[in-house]
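To keep things clear, I will list the structure first and then write my remarks on it.
Heavy-atom basis, side chains included; hydrogens, waters and symmetry copies ignored. So that the names make sense, note that chain A is the first sequence line, chain B the second, and so on, each numbered from 1.
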Number of protein chains: 2
Amino acid sequence: MAKAAKQKTNGGPERTTRIQEINRRLILDAALDVFSTYGFRGTTIDQIADKAGMSKPNLLYYFPRKQNIYVTLLEETLTEWLAPLADIDPAGDPIEQLRKYITLKIKMSESHPEASRLFANEVLHGAPAISDFLAKHLKPLVDEKAVVIRRWVGEGKLAPVDPYHLIFMIWATTQHYADFDVQVRAIMGSQVGRPGFREQTAQAVLSIILNGIRPRD
Amino acid sequence: MAKAAKQKTNGGPERTTRIQEINRRLILDAALDVFSTYGFRGTTIDQIADKAGMSKPNLLYYFPRKQNIYVTLLEETLTEWLAPLADIDPAGDPIEQLRKYITLKIKMSESHPEASRLFANEVLHGAPAISDFLAKHLKPLVDEKAVVIRRWVGEGKLAPVDPYHLIFMIWATTQHYADFDVQVRAIMGSQVGRPGFREQTAQAVLSIILNGIRPRD
DNA sequence: CTGCATTTTGACCAACTAGTCAAGTTTTTG
DNA sequence: CAAAAACTTGACTAGTTGGTCAAAATGCAG
């Protein structure tokens, strides 16, 4: 145990240099593409390295294990993914807040489908890498918003609806267009690519859900 | 080219015997479990063979390629999965027909979550093994039912809603409980296991969707 | 420019896994 | 019951892939 400070204990560098920043980003971007398409087991380090434009050992210099890339990617993605839910304003108009939330999620689903698929794949396979994250970050946030929704229902501003199932329905519906993109395309064909398709989707989803939870008299 | 009839051209037997029926079933059941948990690449033939209680070469005697098991399983599953949609009666009451459809899909999602996950995983990864099936069987069926729904809307029996997006929403929502089971459990905890949970889910989903598409005056 | 730290890579290895094969065992059939 | 057909498996192979290593190339501080 000599000259502790500078000694690297494993493959990862300690202080971040300019090159490190660039290369880590390069790797993560490439990895998102590949992991989201082929899943964790289906992805080879060579594929990622190729796509990132570097040799495999060089990639392993930045992320000593394949797992490391994967987990880093998932946590980065999830944090960003959760933000819109946190932004639901308890003091705002219920229908308006939920409209905003749903609209945002559909936009994210269209602009970052790979992130959605990466996450879907992980959960589908039992979330081995992120069950902690779900328990520590996702659950509390959802619980918090469930209280808000329940209050809205109590105040008669929403039809009586279970907040958890409402949230699941919003997630399911919005992410469906990213996760099941191939199926959507198989059925709707060229329409999917057309400009305005996202707006049409948003319109349809919003119409059903918002009418479904609007208070009835 | 001699004694054509009895000659086997590859590993697969030609006429089905009693033993074949038993063992194919054994293999497919085991494979569904494993594939739905680990995906195609993540599954090894040994795993399936172990679970099916036979040696790997023996398994390969019935399904000469890993792919064969996978595709057989997917097509078997999909056919069964599509039946309820085909059963929607154009002459029936719209709300009643859709209630029946949604209820059935939620039931299937609960009783065969592995099948749902197997399919979700395949589509998520671009449906390489079943894009033909989607084009040849799924699309025509959906198109057919879309016409029916559109007529219902025209007759004022449903609120104006795009039939395709309605169908996607139903799929997304009902399958969510199978595909994202881990996430649902992470958030709702022990409630998920409790008796009556499926009824509660069905109630919530039906309430939102059906009210969302009920004609408004 | 000099010397040290960081970065990069070709060559390699060990583990794993889809699929083969030949030799055996069991079942069916005439 | 004998022979053929169907079934079963241990041992093996070839290809793939996660990860190592030592040496070379590059960047950088003084």
Using a strict threshold of under 4.0 Å (side-chain N to carboxylate O), is an ion pair present between B:Glu122 and B:Arg41?
no
OP1 or OP2 of D:dT9 sitting under 4.0 Å from any side-chain N/O of B:Tyr61?
no
Hey, which sits more toward the 5' end of DNA chain D by its nearest nucleotide, B:Leu59 or A:Lys66?
B:Leu59
Would you say B:Arg18 places a side-chain N or O within less than 4.0 Å of OP1 or OP2 belonging to C:dT28?
yes
The side chain of A:Pro57 is closest to which nucleotide in this list: C:dT9, C:dG19, D:dT9?
C:dT9
When you measure from the side chain of A:Glu21 to the backbone N and O of A:Arg18, does any donor-acceptor pair fall under 3.5 Å?
no
Between C1' of D:dT8 and CD1 of B:Ile22, the distance in whole Å
15 Å
Is any side-chain nitrogen or oxygen of A:Arg65 closer than 4.0 Å to OP1 or OP2 of D:dG19?
yes
Between C1' of C:dT6 and CD of A:Gln20, the distance in whole Å
8 Å
What are the residues of residues 25-53 of chain A, sorted by number, that bring a heavy atom to within less than 4.0 Å of DNA chain D?
A:Thr43, A:Thr44, A:Ile45
Please tell me if B:Asn58 has a side-chain N or O lying less than 4.0 Å from either OP1 or OP2 of D:dT9.
yes
Parallel, tilted or perpendicular: which one describes the rings of B:Tyr177 and B:Phe197, with boundaries at 30° and 60°?
perpendicular
